[in-house]
Amino acid sequence: MTHSSEHRCGWVALMGPPNAGKSTMMNSLLGQKVAIVTPKPQTTRNQIVGILTQPDAQVVFMDTPGIHQLRGKMNRLLLQAAWQSMDGADVIMVVLDSNLYVRKPDFLDNDIEPLIEVIRHEKRPVVVALNKVDMFADKSRMLPLLEKLAEMWPAAEIFPVSALNDDGLRQMLAFIKGHLPVADPVFPDDQVSTAPLRFMAAEIIREKLFLELRQELPYNSAVSVEKWEDLEEEGRVVIHAVIHVARKNHKGMVIGRQGQTLKKIGTDARKEIEALVDRKVFLDLWVRVTDDWMDNEQFMVEIGMGAR
Ligand SMILES: Nc1nc2c(ncn2[C@@H]2O[C@H](COP(=O)(O)OP(=O)(O)OP(=O)(O)O)[C@@H](O)[C@H]2O)c(=O)[nH]1
Ligand SMILES: [Mg+2]
C-alpha cells in the first residue's frame with residue numbers, strides 16, 4: 001500500500017518549566033481537553049498521553065510535569081515522569097512562556113538550566129514553542145529572546161505561538177509531522193488518550209480544587225477515585241472520590257464555610273465529568289487527612305502520580 005508507506009507516526013514530548021502552557025498546548029493541538037490546566041505552577045503531576053489522528057499522521061503527545069529544581073519525594077516523581085517521557089520521544093517540544101522572559105530576562109537561564117545542555121546536545125529534532133505571544137501588543141519586543149534562544153540552541157526550530165488562541169500551531173504541527181518516522185498508526189483512530197476515565201475524573205476534581213484553593217494548599221492535596229459504579233439501567237455513574245490533604249488544619253479549608261468550597265469543587269467537577277462520560281454522574285466527594293502523603297511514594301504512585 002503506497003498510503004501506509006507515507007503515513008507518519010511518532011511520539012512528541014512536551015517539556016518545559018512549570019506554567020509555560022504545556023497542557024494548554026497539548027489540548028489545543030488535539031482540539032479537545034485531555035490534560036487539566038490551571039494558572040498555578042505544577043499542575044501536571046504525571047505523563048499524560050494525547051493522541052492526534054489525521055489522515056497522513058498520528059502524533060502522540062506526552063504532556064509532562066514542569067521541570068523545576070525543587071526537592072522532595074513528590075518533585076522527584078514528577079521530574080522522573082518528565083525525563084522518562086523525553087526518553088521515549090521522536091521529537092522534543094520545549095514550551096516556554098515568552099511573556100515571562102521578555103519581562104524578566106534573568107529568569108530564563110535559571111528556569112531552563114536543567115534543559116540547556118540536554119537540548120544543546122540533542123540529536124533528535126527539537127521544536128521550541130515560544131508560547132503566549134498573544135500577550136504582546138508589540139511582538140518586536142520578543143526579538144532579543146528569539147536571538148538568545150537561537151544562539152543557545154542553534155539546531156532547534158523556534159515557533160512563536162499562542163496555545164490559548166491557536167495561533168501558529170498549524171505551522172508548528174506541520175513541522176513536527178514532517179519529522180516523525182514513517183510508520184503505521186499505533187492507536188485506533190478514535191482514541192484520544194491512554195488515561196483511564198477514572199484517572200481523568202480524579203484529574204478534573206483536582207483541577208477544580210486547584211482553582212478554588214489559595215496559596216500552597218493545592219500542592220499539599222491530591223485526589224483519588226475510590227469507587228466507580230456504572231449503573232447501566234439507571235443510565236448514571238456513581239463516583240466515590242477523596243481529596244487527600246496532608247494536615248488536619250487543611251481539611252477545614254478545603255471544606256470551606258458551611259461546606260461551600262467543597263460543594264463548589266464537587267459541582268464544577270461533576271458537570272465536567274458528566275460531559276466526559278456522557279451520562280449523569282453522582283459524585284460522592286470526601287476530604288481525608290492522609291498524613292504526610294507527600295512523603296509516601298507508594299501512595300503517590302497508587303493514585304497515578306509520576307511516570308507510567
Ligand atoms: N495568555 C496566554 N496564556 C496561556 C497560554 N497558554 C497557556 N496559558 C495559561 O498559562 C497557565 C498555565 O497553563 P498550563 O497549560 O497549565 O501550563 P503547564 O505548562 O501545563 O503547567 P504545569 O502543568 O504546572 O507545568 C494557564 O493559566 C493557561 O491558561 C497562551 O498561549 N496565552
Ligand atoms: Mg500542565
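Counting starts at 1 for both ligands and their atoms, in listed order. In what follows, residues are counted from 1 in the order of the sequence shown.
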Pull out every atom of ligand 1 sitting under 4.0 Å from any heavy atom of Lys40, numbered as shown with elements. 24 (O)
Is it the case that ligand 1 has an N or O less than 3.5 angstrom from some N or O of Ala20? yes
No-hydrogen, no-angle side-chain donor-acceptor test under 3.5 Å, Ser221 and His244: no
Metal environment of the Mg ion (ligand 2), protein N/O/S under 2.8 Å: Ser23 OG, Thr44 OG1
Give the residue, atom name and distance (to 0.1 Å) of the protein heavy atom nearest atom 1 (N) of ligand 1. Asp134 OD2, 2.9 Å
Ranking Asn27, Asp166, Asn131 by closest non-hydrogen atom to atom 6 (N) of ligand 1, top hit is Asn131
More than 12 heavy atoms of other residues, nucleotides or ligands under 6.0 Å from CZ of Phe107: is that the case? no
Heteroatom proximity flag, Leu164 to ligand 1, N/O under 3.5 Å: yes
More than 12 heavy atoms of other residues, nucleotides or ligands under 6.0 Å from CZ of Arg120: yes or no? yes
I'd like to know whether Arg45 forms a salt bridge (charged side-chain N to carboxylate O under 4.0 Å, His left out) with Glu203, so could you lay out the CA-CA distance, the side-chain angles of the two residues, the decisive distance to 0.1 Å, and finally the verdict. CA-CA 10 Å; Arg45 287 180 176 170; Glu203 285 288 275; over 6 Å; no
Ala82 to Ile67 - nearest heavy-atom pair and separation: CB-CD1, 3.8 Å
Can you tell me if Asp278 has over 12 outside heavy atoms packed within less than 6.0 Å of its CG? no
Side chains of Ser85 and Gln47 only: does a donor on one sit below 3.5 Å from an acceptor on the other? yes
Return the minimal non-hydrogen interatomic distance between Asn131 and Ala163, and the atom names on each side. OD1-N, 2.9 Å
For atom 21 (O) of ligand 1, closest protein heavy-atom neighbour: Asn19 N, 3.0 Å
No-hydrogen, no-angle side-chain donor-acceptor test under 3.5 Å, Trp286 and Asp284: yes
Might you work through the side-chain hydrogen bond (donor to acceptor under 3.5 Å, both in side chains) test for Ser162 and Asp167, ending with a clear yes or no? CA-CA 5 Å; Ser162 166; Asp167 190 6; 5.8 Å; no
Pull out every atom of ligand 1 sitting under 4.0 Å from any heavy atom of Ser162, numbered as shown with elements. 31 (O)
In the protein, which heavy atom is nearest to atom 10 (O) of ligand 1, and how far is it? Lys132 NZ, 3.0 Å
Enumerate the atoms of ligand 1 whose separation from the nearest heavy atom of Thr38 is less than 4.0 angstrom. 11 (C), 12 (C), 13 (O), 16 (O), 26 (C), 27 (O)
Give the numbers and elements of all ligand 1 atoms closer than 4.0 Å to a heavy atom of Met135. 1 (N)
Give the numbers and elements of all ligand 1 atoms closer than 4.0 Å to a heavy atom of Gln42. 22 (P), 24 (O)
For atom 17 (O) of ligand 1, find the nearest protein heavy atom and state the residue, atom name and distance (0.1 Å precision). Gly21 N, 3.1 Å
How far apart are the C-alpha atoms of Gln258 and Lys263, what are their side-chain angles, what is the distance that settles it, and do they pass the side-chain contact (heavy atoms from CB on, under 4.5 Å) test? CA-CA 9 Å; Gln258 292 173 328; Lys263 195 171 164 199; over 6 Å; no
Distance filter under 4.0 Å to Thr24 heavy atoms, resulting ligand 1 atoms: 6 (N), 7 (C), 13 (O), 14 (P), 15 (O), 28 (C)
Close-contact set for ligand 1 against Lys22 heavy atoms, below 4.0 Å: 15 (O), 17 (O), 18 (P), 19 (O), 20 (O), 21 (O), 22 (P), 25 (O)
Taking only Lys NZ, Arg NE, NH1 and NH2, and the carboxylate oxygens of Asp or Glu, determine whether Glu297 and Arg76 approach each other closer than 4.0 Å. yes
Qualifying residue, where the test is side chain to side chain contact (heavy atoms under 4.5 Å, CB included) with Thr38 and the options are Leu211, Asn19, Thr44, Leu209: Leu211
Within the structure, does Thr64 bring an N/O atom to less than 3.5 angstrom of an N/O atom in ligand 1? no
Are any of the N or O atoms of Val161 closer than 3.5 Å to those of ligand 1? no
My understanding is that we take every heavy atom of each candidate and find the minimum distance to atom 20 (O) of ligand 1. Doing that for Ser23, Pro39, Pro65, Ser28, which one comes out nearest? Ser23
Going by heavy atoms, is Met25 under 4.0 Å from ligand 1? no
So, regarding Asp63 and ligand 1 (criterion: nitrogen or oxygen to nitrogen or oxygen, under 3.5 Å), is there a contact or not? no
Show the atoms of ligand 1 that are less than 4.0 angstrom away from any heavy atom in Gly66. 25 (O)
Just wondering, more than 12 heavy atoms not from Lys40 lying within 6.0 Å of its NZ? yes
Run the salt-bridge test on Lys208 and Glu272 with the 4.0 Å N-O cut-off and return the result as yes or no. yes
Cation-pi geometry met for Arg103 and Tyr101 (6.0 Å, 45°): no
